[in-house]
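Working notes, structure below.
Values reported hereafter were calculated over all heavy atoms of this structure, with side chains retained and with hydrogens, waters and symmetry mates removed.
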Amino acid sequence: MVFENKFIQQRIEKAEFLRNAGINPYSNDSKRNTSIEKYIYVNSDIQEKENKRDERRHYTISGRIKLFRIMGKASFLQIEDESGVLQVYITRDNLPEGFYNDIFKKIIEVGDIVEVSGYPFITGKGELSLHTSEFKLLTKAIAPLPEKFHGVTDKEIRYRKRYLDLIMNSDVRKTFKIRSKVISLTRRFFEDKGFLEVETPMMHPIAGGANAKPFVTHHNALGIDRYLRIAPELYLKRLIVGGFEAVFEINRNFRNEGMDATHNPEFTSIEFYWAYKTYKDLIEITKEYFKYLFDHLNLPTILPYGEIEVNFKNFQEIPLIESLSSIGGVPSEIVYDKEKIVEFLKSKNLTVKPGLNLGQLQGELFDEFVEDKLIDPTFITEYPVEISPLARRSDENPEITERFELFIAGREIANAFSELNDPVDQLGRFQGQMAAKESGDDEAHEMDADFIEALSYGMAPTAGQGIGIDRLVMLLTNEHSIRDVLLFPAMKPIHNEEQNQEEEV
RNA sequence: GUCUCGUUAGCUCAGCUGGUAGAGCACGUCACUUUUAAUGAUGUGGCCGAUGGUUCGAAUCCAUCACGGGACACCA
């Protein structure tokens with residue numbers, strides 16, 4: 001059972017003791033009238049006051065006890081609320097008769113959530129504090145907090161019990177505040193541009209819009225399986241067909257694949273679609289978007305990321321084929337020759353899957369020799385049509401598409417293209433994907449006949465883009481694991497959790 | 001999926017070439033009315049990740065498994 005630990009038992013007894021003394025250990029009678037941040041700001045003038053105090057002021061603050069120093073008849077606490085930490089000074093003689101010795105010293109401890117009232121003063125060591133005249137327990141913590149100096153460092157505990165991580169590591173709160181701001185700013189940026197935020201289904205009859213394995217769930221009333229969406233793309237384009245000219249959706253996608261430092265089964269992206277625009281317009285709006293984020297987050301344009309630095313003022317643009325030789329060092333004479341590419345890859349001791357077409361081989365070259373060298377933001381353009389089943393062909397060269405991916409710090413951050421709106425071409429590409437699926441590629445796209453029908457009514461020329469929010473936040477917060485930018489990352493079940501699930505079946 | 005490192009008290013960690021468990025914090029008791037990880041004294045607290053094996057004897061050696069970290073492979 002959860003509460004069999006001796007320390008917890010001891011604290012449950014303390015809560016009982018309080019109840020017997022007529023004190024509610026879980027009072028909701030909070031009278032807080034300021035945050036710690038405001039208290040510190042408003043009382044910053046106390047330093048100049050006579051006696052370094054102002055007994056006419058009176059504040060009530062609340063928060064969790066993080067440090068507890070009893071020195072006989074006086075004590076110092078450090079209390080933390082969401083906004084900050086404040087030192088509180090408490091003496092026996094300023095509290096009701098007996099309270100300090102019988103309740104405060106015996107029952108109150110680190111982890112408890114308390115409320116204190118009093119006046120501001122500066123201690124002998126020069127720290128703005130609160131001189132307490134009233135003290136109340138709001139919430140008794142029956143579980144002891146981790147060690148006060150080292151806190152909790154075990155990543156497994158931090159991810160599984162994020163609440164403990166948040167209590168102990170205030171920097172973690174900063175990361176998630178930035179994440180929240182990024183999402184909020186993204187929403188505002190696109191709204192200000194006239195985009196409409198929409199919500200499309202998360203349960204799809206056909207998992208489309210990306211190359212990925214879906215999760216399957218079951219609809220009992222209909223007796224049919226549904227897929228958790230791997231991308232909202234095909235629904236958002238249906239909306240463009242319907243006459244909306246600028247839409248976006250910020251939400252979760254689900255992919256039934258492996259988990260590692262850059263992959264979580266559910267992840268957040270923004271996808272936006274913009275009628276009467278091309279991928280070139282997307283390059284411009286993307287630059288603008290980054291500038292908007294950096295301005296509003298007050299980030300320096302040269303941002304450290306681990307060992308490297310990324311210059312967010314230095315956006316580059318280069319066609320994929322050109323990048324193979326100019327950045328990847330691949331001999332330019334081989335990049336259109338399947339045999340020679342295979343030979344080249346093998347000469348670098350890389351295993352090459354048999355039966356890849358030219359575009360796929362060019363993609364292999366890019367992944368292998370170019371991607372991790374793209375540090376400053378780089379738009380790689382003109383993707384081969386074979387690896388871009390939803391992108392519009394270039395009018396000049398039908399072998400390539402009007403597409404780009406944005407790479408920063410060696411990672412893909414965004415994927416965008418002028419959308420394919422020729423229904424017959426789209427049908428042909430779906431058929432190609434189905435052939436790939438039959439020959440064993442279980443990540444190939446499925447045929448979506450209704451989507452083809454939608455296109456057959458005519459979709460205005462449209463540009464669309466997806467940006468991975470988790471990876472963007474990683475970049476902006478200098479985090480190197482997606483788990484550090486997800487409040488509750490997916491974790492494998494611990495042993496007895498697994499057993500319980502089997503018992504329920 | 002492969003390789004590699006880790007898992008010991010609520011937390012942070014010691015524990016050598018095998019001899020049956022340690023520290024600090026926290027908690028209990030005592031002292032202390034301006035401390036800063038307060039201090040001093042003293043005490044309680046362990047299925048040493050799980051299961052097997054080797055051994056007279058395993059936290060320690062071996063095997064398998066589970067979970068986590070890192071690297072590689074695939075994907076966003």
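- Only the C1' atoms considered, B/U29 is 30 Å distant from B/C47, to the nearest whole Å.
- Of the candidates A/Arg411, A/Arg483, A/Arg179, A/Asp470 forms a salt bridge (Lys or Arg N to Asp or Glu O under 4.0 Å) with just one, namely A/Arg179.
- Ionic pairing of A/Lys14 and A/Glu109 is present here: one or more N-O contacts between side-chain nitrogen and carboxylate oxygen are shorter than 4.0 angstrom.
- Within the nucleic acid shown, A/Arg158 has no heavy atom closer than 4.0 Å to any nucleic acid atom.
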Query raised in the report: So what is the 5' to 3' dot-bracket string for RNA chain B, if pairs are Watson-Crick or G-U wobble with both distances under 3.5 Å, crossing pairs use [ ] and | means the partner sits on another strand?
Result: (((((((..((((.....[..)))).(((((.......))))).....(((((..]....))))))))))))....
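- In this structure, the CD1 atom of A/Ile90 is 17 Å from the C1' atom of B/C32, given to the nearest Å.
- For A/Tyr89 and A/Tyr119, the ring centers sit 6.0 Å or farther from each other.
- Straight-line distance from the CD1 atom of A/Ile8 to the P atom of B/G28: 15 Å, rounded to whole Å.
- No hydrogens or angles considered: a donor-acceptor pair under 3.5 Å links the side chains of A/Thr286 and A/Gln465.
- Looking at the side chain of A/Arg69, the nearest of the listed nucleotides B/A38, B/G28, B/G69 is B/A38.
- Side-chain contact check for A/Glu233 and A/Tyr273: at least one donor-acceptor pair (N or O, by modelled atom type) lies under 3.5 Å.
- B/A73 and B/G57 have their C1' atoms separated by 45 Å, with the value rounded to a whole Å.
- Aromatic ring pairs are classed by plane angle as parallel below 30°, tilted from 30° to 60° and perpendicular above 60°; the pair A/Phe195 and A/Trp274 is tilted.
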Query raised in the report: Which nucleotides of nucleotides 6-15 of chain B have their base under 4.0 Å from a protein heavy atom (B), which only their sugar-phosphate (S), and which neither (-), written as one string 5' to 3'?
Result: ----BBSS--
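- For A/Ile70 and B/U36, the CD1 to P distance is 15 Å, given to the nearest whole Å.
- Among the protein residues, A/Lys66 comes within range of no part of the nucleic acid, since none of its heavy atoms lies under 4.0 Å from any strand.
- As rounded to the nearest Å, B/G40 and B/C25 have P atoms that lie 8 Å from one another.
- Across all strands, A/Asn415 comes closer than 4.0 Å to no nucleic acid atom at all (heavy-atom distances).
- Distance check on atom C1': B/A63 versus B/U55 gives 16 Å, rounded to whole Å.
- Closest to the side chain of A/Lys73, out of B/U35, B/A73, B/C32, is B/C32.
- Residues A/Tyr227 and A/His204 place their aromatic rings such that the two centres sit no closer than 6.0 Å.
- Of the charged side-chain nitrogens involved, at least one lies within less than 4.0 Å of a carboxylate oxygen, so that A/Arg229 and A/Glu249 count as a salt-bridged pair.
- Looking at A/Ser388 and A/Arg403, their side chains do bring a donor and an acceptor atom within 3.5 Å of each other.
- Side-chain atoms of A/Asp112 do not come within 3.5 Å of backbone N or O of A/Ile108 as any donor-acceptor pair.
- Remark: side-chain polar atoms of A/Ser83 are paired, donor with acceptor, to backbone N or O of A/Glu37 under 3.5 angstrom.
- Residue A/Lys161 is out of contact with every strand shown, counting any heavy-atom pair closer than 4.0 Å.
- If you take atom P in B/C11 and the same atom in B/U64, they sit 29 Å apart, rounded to whole Å.
- Applying the 4.0 Å criterion to OP1 and OP2 of B/C27, one finds that A/Lys106 has every side-chain N and O outside that range.
- Using a 4.0 Å heavy-atom distance criterion, A/Arg53 is classed as a base contact.
- On the P atoms, B/A50 is 16 Å away from B/A21, given to the nearest whole Å.
- For the pair A/Arg162 and A/Phe488, the NZ or CZ position fails the cation-pi test of under 6.0 Å to the six-membered ring centre and within 45 degrees of the ring normal.
- Note on A/Met491: only backbone sugar-phosphate atoms sit closer than 4.0 angstrom, heavy atoms only; bases stay farther off.
- For A/Arg160, counting side-chain heavy atoms from C-beta on, the closest listed nucleotide (B/G69, B/G68, B/A38) is B/G68.
- Checking A/Asn211 against A/Arg483, the closest nucleotide of RNA chain B that is more toward the 5' end is the one next to A/Arg483.
- Remark: the separation of the P atoms in B/A71 and B/U8 is 23 Å, to the nearest Å.
- Looking at A/Glu127, its side chain has no donor and acceptor atom pair within 3.5 Å of the base of B/U34.
- In this structure, of B/U34, B/U36, B/C74, it is B/U36 that holds the atom nearest to the side chain of A/Lys125.
- Considering only side-chain N and O atoms, A/Lys155 lies nowhere under 4.0 angstrom from the phosphate OP1 or OP2 of B/C67.
- Residue contacts for A/Arg255: at a heavy-atom cut-off of 4.0 Å it reaches a base atom on one of the strands shown.
- A sub-4.0 Å separation between OP1 or OP2 of B/A38 and a side-chain N or O of A/Lys148 is present.
- For A/Tyr159, taking side-chain heavy atoms from C-beta onward, the closest of the listed nucleotides B/G69, B/C32, B/A73 is B/G69.
- One can place CG of A/Leu86 at 17 Å from P of B/U36, the figure rounded to the nearest angstrom.
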Using residues 364-377 of chain A as the side-chain source, report each donor-acceptor pair under 3.5 Å to any protein atom, sequence neighbours left out, with the distance given to one decimal.
| from | atom 1 | to | atom 2 | distance (Å) |
| --- | --- | --- | --- | --- |
| A/Lys373 | NZ | A/Phe369 | O | 2.6 |
| A/Asp376 | OD1 | A/Asn311 | N | 2.8 |
| A/Asp376 | OD2 | A/Asn314 | ND2 | 2.8 |

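- Base contact: A/Phe121 has a heavy atom under 4.0 Å from a base atom.
- A/Ile413 comes within 4.0 angstrom of nothing in the nucleic acid, heavy atoms only.
- B/A41 and B/C32 have their C1' atoms separated by 12 Å, given to the nearest Å.
- Here the P atom of nucleotide B/G70 and the CD1 atom of A/Ile482 are 13 Å apart, to the nearest Å.
- For A/Asp260 against B/A73, a side-chain-to-base donor-acceptor contact under 3.5 Å is present.
- Within 4.0 Å of A/Asn264, counting heavy atoms only, lies at least one base atom of the nucleic acid.
- Put simply, OH on A/Tyr89 is 14 Å from C1' on B/U36, counting in whole angstrom units.
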